[in-house]
Chemist: 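Provided herewith is a single structure, encoded as C-alpha cells, for subsequent inquiry.
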Amino acid sequence: MNKIRHIYKLLLDRYGPQKWWPTTLKKDIHPTYHGQKLNNKARFEIAVGAILTQNTSWKNVEKAIIELNRKNLLSAEKIKKANQKILAKTIKSAGYYNQKAERLKILADFFSKNKFEDLMKKDAAELREIFLKIKGVGPETCDSIILYALEKPIFVVDAYTKRMCGHLKLCKKDASYREIQDLFMKNLKQDTKMFSEYHALIVEHAKHCYSRNPYSDRLLKQSL
DNA sequence: CGCCAGGGCCTCA
DNA sequence: TGAGGCCATGGC
C-alpha cells in the first residue's frame with residue numbers, strides 16, 4: 001500500500017479528526033464560526049493566524065488573536081488604519097511583534113484590494129504565485145492561507161513534515177519545500193478537507209514524536 | 001536556566 | 001541555492 005496514504009490512515013486512526021484551522025472555530029472564542037461555512041471574517045482571521053504562527057507556538061498566537069478581537073482590530077480595514085506600534089503591542093504575545101505587525105499591515109492592504117470572492121475564483125497554483133509575492137508570506141504561510149482560508153487543495157509543508165519525512169526516509173534530509181509538497185500531492189487525491197486533516201495530524205503527531213532528538217516514532221516506523 | 005515553537009527576510013558567498 | 005544571523009514571547 002502507498003506509504004503516504006497509509007500514514008494518513010494511521011494518524012487519523014490514532015489521533016482522530018483535528019478539525020483544523022484551530023481556535024477560530026472554537027465556539028467560546030468566535031461564536032459565529034462554529035460549525036458553519038467560513039465567512040470572510042473567518043477567512044481573514046485564518047490568514048492573520050498564519051502570519052502570527054510563524055515559528056511560534058499556537059498558544060501564544062491564540063492570545064494575540066483574542067487581543068486583536070478585543071480591540072476590534074480583526075479586519076483588513078481596521079488593521080490598515082491602526083497605528084503600527086499599537087498593533088505591535090496588541091500582538092506582543094505572538095513574538096517577533098514588530099516584524100509581524102508590519103506583515104499584518106501588508107496583508108491587510110492586500111486583502112482590502114483583493115476580495116475573497118475574487119481570489120476564490122482562482123486555482124491553487126495561481127493563488128500561490130500571487131501570495132508568494134507578498135513580503136512576509138513564504139511557502140508555508142502561503143499554502144496555509146490557500147488551504148485553510150481559501151479552501152483550495154494544496155499540501156502544507158512545515159518543519160515537522162520535513163523532519164518526519166527525513167526520519168522515515170520518505171525524502172532526503174535536505175529536500176526542498178516543493179519536493180516534499182510534491183511527494184504528498186502526487187500520492188493523494190486532491191482534496192481540501194483531507195489535505196487539511198493530514199497536515200494537522202502531522203503537527204499533532206510530531207508534537208509527540210519529533211519535538212526532541214533523538215526522535216522515536218514507533219507508530220509509523222513499525223507500520224512502514 | 002536553556003531550548004524550542006505550525007517561518008521568512010536579508011546578506012554574503 | 002544555501003547557510004547563517006536576526007526577529008521575541010511564553011511554556012516547560
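Throughout, protein chains are lettered first and strands after them, A, B, ... in sequence-line order, and every chain is numbered starting at 1.
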Chemist: Looking at A:R43 and A:E151, is any side-chain nitrogen of the basic one under 4.0 Å from a carboxylate oxygen of the acidic one?
Modeler: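 A salt bridge links A:E151 with A:R43.
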Chemist: Send over the distance from A:N55 CG to B:dC9 P, rounded to a whole Å.
Modeler: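 Spelled out: CG on A:N55 to P on B:dC9 is 13 Å.
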Chemist: Within the 4.0 Å heavy-atom criterion, would you say A:G138 contacts the bases, only the backbone, or no part of the nucleic acid?
Modeler: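 Sugar-phosphate contact only.
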Chemist: When the distance from CG of A:N60 to P of B:dC4 is rounded to whole Å, what number comes out?
Modeler: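 Taking CG of A:N60 and P of B:dC4, I get 16 Å after rounding.
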Chemist: How long is the line joining CD of A:Q18 and P of B:dG6, in whole Å?
Modeler: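 So the CD-P distance, A:Q18 to B:dG6, works out to 13 Å.
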Chemist: For A:T56 and for A:D174, find the nucleotide of DNA chain C with the closest heavy atom, then tell me which residue's nucleotide is more 5'.
Modeler: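 Of the two residues, A:D174 wins.
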Chemist: Can you label the angle between the A:H199 ring and the A:Y148 ring as parallel, tilted or perpendicular, going by 30° and 60°?
Modeler: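 Taking A:Y148 first and then A:H199, their aromatic rings sit tilted (interplane angle of 30° to 60°).
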Chemist: Heavy atoms only, 4.0 Å cut-off, all strands: where does A:N98 land among base, sugar-phosphate and nothing?
Modeler: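 The residue A:N98 makes sugar-phosphate contact but no base contact.
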Chemist: So A:H205 and A:Y160, do their side chains get closer than 4.5 Å, heavy atoms only?
Modeler: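 In short, these two side chains do not touch, never coming nearer than 4.5 Å.
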Chemist: Taking for each residue the nucleotide of DNA chain B with the nearest heavy atom, is it A:R212 or A:K135 whose nucleotide lies nearer the 5' end?
Modeler: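 Taking each residue's closest nucleotide, the earlier one in sequence belongs to A:R212.
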Chemist: With rounding to whole Å, what would you report as the distance between C:dG10 and B:dG8 at their P atoms?
Modeler: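 Going atom to atom, P in each nucleotide, I get 22 Å.
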Chemist: Measure from OH on A:Y210 to P on B:dC4 and round the result to the nearest Å.
Modeler: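 My rounded result for the distance is 17 Å.
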Chemist: Taking any heavy-atom pair under 4.0 Å as a contact, classify A:A159: base, sugar-phosphate, or nothing.
Modeler: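 A:A159: backbone/sugar contact only, no base atoms under 4.0 Å.
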Chemist: Measure CG/A:L107 against C1'/B:dC9 and give the value in whole Å, please.
Modeler: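 Between C1' of B:dC9 and CG of A:L107: 16 Å.
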Chemist: When you check the phosphate oxygens OP1 and OP2 of C:dC7, does a side-chain N or O of A:Y97 lie under 4.0 Å from one of them?
Modeler: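 False: A:Y97 side-chain N/O out of range (4.0 Å or more) of C:dC7 OP1/OP2.
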Chemist: What orientation do A:Y198 and A:F155 show, parallel under 30°, tilted 30 to 60°, or perpendicular over 60°?
Modeler: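 Plane angle over 60°, so perpendicular.
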Chemist: Which part of the nucleic acid, if any, lies within contact of A:V156, taking any heavy atom under 4.0 Å across all strands shown: a base, the sugar-phosphate backbone alone, or nothing?
Modeler: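 Nothing, no nucleic acid heavy atom in range.
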Chemist: Can A:Y96 be called stacked on B:dG8 when the rule is centres closer than 5.5 Å and an angle between planes below 30°?
Modeler: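 According to the criterion (under 5.5 Å, under 30°), no, A:Y96 does not stack.
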Chemist: In whole angstrom, give the distance that lies between atom CD of A:Q181 and atom P of B:dG7.
Modeler: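 So the two atoms are 15 Å apart, to the nearest Å.
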Chemist: Using Watson-Crick or G-U wobble geometry with both distances below 3.5 Å, tell me the partner of B:dG7, or none.
Modeler: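 Matched B:dG7 with C:dC7 under the 3.5 Å cut-off.
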Chemist: From the options C:dT9, B:dG6, B:dG8, select the nucleotide whose nearest atom is closest to the side chain of A:P22.
Modeler: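 Nucleotide nearest to A:P22's side chain: B:dG6.
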Chemist: Using the six-membered ring wherever Trp is involved, compare the ring planes of A:F110 and A:F131 and label them parallel, tilted or perpendicular (cut-offs 30° and 60°).
Modeler: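 Tilted: the ring planes of A:F110 and A:F131 meet at 30° to 60°.
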Chemist: What nucleotide among B:dG8, B:dA5, C:dT9 has an atom nearest to a side-chain atom of A:T141?
Modeler: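 The nucleotide sitting nearest to the side chain is B:dG8.
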Chemist: Assign A:Q99 to base, sugar-phosphate, or nothing according to its heavy-atom contacts below 4.0 angstrom with the strands shown.
Modeler: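 The residue A:Q99 makes base contact.
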Chemist: If I take atom CG in residue A:L52 and atom C1' in nucleotide C:dC7, what distance separates them, rounded to the nearest angstrom?
Modeler: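 Computing the A:L52:CG to C:dC7:C1' distance gives 14 Å.
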Chemist: Select base, sugar-phosphate, or nothing to describe what A:D158 touches, counting heavy atoms under 4.0 Å on all strands.
Modeler: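 A:D158: backbone/sugar contact only, no base atoms under 4.0 Å.
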Chemist: Using atom C1' of each nucleotide, how far apart are B:dG6 and C:dG2 to the nearest Å?
Modeler: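 23 Å, rounded to whole Å.
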Chemist: Could you tell me the separation between the NZ atom of A:K162 and the C1' atom of B:dA5, rounded to a whole number of Å?
Modeler: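 Atom-to-atom, A:K162 to B:dA5, this comes out as 17 Å.
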Chemist: Mapping A:K63 and A:R103 onto DNA chain C by nearest heavy atom, which one lands closer to the 5' end?
Modeler: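 That would be A:R103.
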Chemist: Considering only NZ, NE, NH1 and NH2 on the basic side and carboxylate oxygens on the acidic side, decide whether A:R128 and A:D143 come within less than 4.0 Å.
Modeler: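 Judged by the 4.0 Å cut-off on N to carboxylate O distance, A:R128 and A:D143 do form a salt bridge.
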